[in-house]
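Note that this is a predicted model, so its numbers are computed, not measured.
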Amino acid sequence: DEELMGQLIRFVSSHEVGHTIGLRHNFGSSWTVPVDSLRNKAWVEKNGHTPSIMDYARFNFVAQPEDGISREGLFPRIGDYDKWAIQWGYTPMFDAYDDESDYYELQKLMATKDLTSKSRLWFGDGETRRYDPRCLSEDLGDDAVKMSHYGILNLKRIVPQLEEWNYSANDINSDNVRSAYSNLVGQFRRYIGHVSANIGGFYNDYKTVSQPGEIYGNVSKEHSLRALNALDEMALNEPKWLINVPYIKRLTLKPEDVTASIGTSTVQLLISRVGMLNETFPVADYMQELSTRLFRELDKRENVSGYRRLLQNTFVSELATNLKGDKLSADNRAAILFTLRNLQTKLKANVAGDATTKAHYASLADQIARALEVK
């Protein structure tokens, strides 16, 4: 309705006005909010689901139906960070008489505020610090795994209803449903991206010379493994809930293409994280963890589904392509080479599985052999 649309336009225009008066994107703002608080009706309606209108935190997709949260807790508003940023940028410094004294007065103002990464006044720049998993666009809360879990629960509630909610007698070729479905799939991909950004990476906190502590820090191996396990559940196992809907054949001839695209892009995304790993999670360890999850059927001597065969093919072909390039560091090249050789040995030794699985493994072994050829 017009009243709701007016409120939505208001929060978008507030964000843009923020830019006109000097505020940058604060993608880390939403990270300062515990995910559990996003489901607390009283808390989120009082405080909002992000402390800054300058974040990209469109809606509170963590909230569940049983939480009973009203509009006040579902879309953004001008928050604590925005008010502080305006105070810092526009408070008249009456005791200042030149640039140096103005800076001195600003330092006194900053000393009265908690500007650490646990404060609602923290600035988490996501435009230049794309390696910091706290500073992501379109995410919510301080835990990407838990956030995505709740987001997916809501997508699973939505997807069966799309045909009814988008019904129109004049809708040619189900275009309304197709558009809504495409956006839902895109949101699922966004959650995959948010979780993958927590594999490896670095933390970066702005500090003045007088502030104690380190500026740079590593994302821990434990944190990275938790994200990898979540992605295993989300996308390395086929997300059939996306295509197990009665209207799917009105949208596509081959529903499996929807999940296949998600699976292959997820594998590619996971391999690309090699460049973001840090000393807590060496590339050799990461490749072992990844290959173990992708080839669990090989270790368990089980048949491989079509979806998983596609993922395994993508893994081998992507590693082979990377190996032939000239952009790998010595350690990364060694880890990929070891992974392919180890996988080749296991594939050749395989005697289990149906005919399709055996043919698949033979094909992968051949791909690896050709990738390892010295020309």
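Donor-acceptor pairing under 3.5 Å is recorded for the side chains of E45 and S70. For the residue pair R190 / Q187, a side-chain donor-acceptor distance below 3.5 Å is found, with atom types taken as modelled. Q367 and N313 share a donor-acceptor pair across their side chains, judged by distance under 3.5 Å alone. Side-chain contact check for N170 and S168: no donor-acceptor pair (N or O, by modelled atom type) lies under 3.5 Å. Judged purely by distance below 3.5 Å, without hydrogens or angles, the side chains of S363 and D366 never pair a donor atom with an acceptor atom. Neither side chain, Y104 nor E100, offers a donor N or O lying under 3.5 Å from an acceptor on the other. One side chain, T280 or N278, offers a donor N or O that lies under 3.5 Å from an acceptor on the other. Between the side chains of S37 and N40, no donor N or O sits under 3.5 Å from an acceptor N or O. Looking at N229 and R226, their side chains never bring a donor and an acceptor atom within 3.5 Å of each other.
Separation of atoms CD (E72) and NZ (K46) is listed at 15.0 Å; rounding is to 0.5 Å. Here the CG-CE distance, from D125 to M54, works out to 12.0 Å after rounding to the nearest 0.5 Å. Going from atom CD of Q268 over to atom OG1 of T321 covers 9.5 Å, rounded to the nearest 0.5 Å. The structure places CE of M147 at 7.0 Å from OH of Y191, a figure rounded to the nearest 0.5 Å. The line from CG of L242 to CG of L155 is 8.0 Å long, rounded to the nearest 0.5 Å. How far CG of L319 is from CE of M287: 4.0 Å, rounded to the nearest 0.5 Å.
Looking only at distances, no side-chain donor or acceptor of N198 sits under 3.5 Å from a matching main-chain atom of V219. Judged purely by atom type and a 3.5 angstrom limit, R273 uses its side chain to pair as donor or acceptor with the backbone of A197. Judged purely by atom type and a 3.5 angstrom limit, R293 uses its side chain to pair as donor or acceptor with the backbone of E289. Although no hydrogens or angles enter the test, the distance criterion places a donor-acceptor pair under 3.5 Å between the side chain of S265 and the main chain of I262. Between the side chain of N342 and the backbone N or O of F338, no donor-acceptor pair lies under 3.5 Å. Using modelled atom types, no side-chain atom of Y150 and backbone atom of L38 make a donor-acceptor pair closer than 3.5 Å. Between the side chain of R333 and the main chain of L323, a donor-acceptor pair closer than 3.5 Å is present. In terms of modelled atom types and a separation under 3.5 Å, the side chain of R120 and the main chain of D80 share no donor-acceptor contact. Without hydrogens or angle criteria, T292 side chain to Q288 main chain gives a donor-acceptor distance under 3.5 Å. Between the side chain of Y247 and the backbone N or O of E164 there is no donor-acceptor pair closer than 3.5 Å.
Open room surrounds CD on E233; 12 or fewer heavy atoms of other groups in view lie less than 6.0 Å from it. D99 CG: 12 or fewer foreign heavy atoms inside a 6.0 Å radius. Within a 6.0 Å radius of NZ in K108, more than 12 heavy atoms belonging to other residues, nucleotides or ligands are found. For F202, the CZ atom counts as densely surrounded, since its 6.0 Å shell holds more than 12 non-hydrogen atoms of other residues, nucleotides or ligands. Heavy-atom neighbours of K41 NZ from other residues, nucleotides or ligands within 6.0 Å: above the threshold of 12. In the displayed structure, R24 atom CZ is contacted under 6.0 Å by more than 12 heavy atoms of other residues, nucleotides or ligands. Crowding of R296 atom CZ: a count of heavy atoms from other residues, nucleotides or ligands under 6.0 Å exceeding 12.
The distance between the ring centers of Y56 and H15 falls below 6.0 angstrom. Ring to ring, Y286 and F281 are close: their centroids are under 6.0 angstrom apart. The distance between the ring centers of F123 and W88 does not fall below 6.0 angstrom.
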Task: Full working for side-chain contact (heavy atoms from CB on, under 4.5 Å) between E256 and Y307 - done: CA-CA 8 Å; E256 63 272 16; Y307 182 80; over 6 Å; no
- [ ] Start with the C-alpha distance between S261 and R189, add both sets of side-chain angles, then the distance that settles side chain to side chain donor-acceptor pair (under 3.5 Å), and finish with yes or no.
- [x] CA-CA 10 Å; S261 176; R189 287 180 179 273; 2.5 Å; yes
Open item on the list: Could you go through V185 and S182, starting from their C-alpha distance and side-chain angles, then the distance that decides it, and tell me whether this counts as side-chain contact (heavy atoms from CB on, under 4.5 Å)?
Closed with: CA-CA 5 Å; V185 171; S182 176; 5.8 Å; no
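Looking at H149 and L153, their side chains come closer than 4.5 Å, going by heavy atoms from C-beta outward. The closest side-chain heavy-atom distance from L121 to P51 is not below 4.5 Å.
Between R134 and D132 there is a salt bridge, since at least one side-chain N of the basic residue sits less than 4.0 Å from a carboxylate O of the acidic one. The pair E66-R39 meets the salt-bridge criterion, since a charged nitrogen lies less than 4.0 angstrom from a carboxylate oxygen. Salt bridge present: D175 and R178 bring a charged side-chain N and a carboxylate O closer than 4.0 Å. A salt bridge links E3 to R71: one of the charged nitrogens lies within less than 4.0 Å of a carboxylate oxygen.
Cluster annotation: Y361 and V267 are assigned to the same hydrophobic cluster (Ile/Leu/Val/Met/Phe/Trp/Tyr, side-chain heavy-atom contacts under 4.5 Å, transitive).
Of the candidates D142, N60, D55, T50, S30 forms a side chain to side chain donor-acceptor pair (under 3.5 Å) with just one, namely D55.
Across V195 and A230, no two heavy atoms sit closer than the pair CG1-CB, 4.1 Å.
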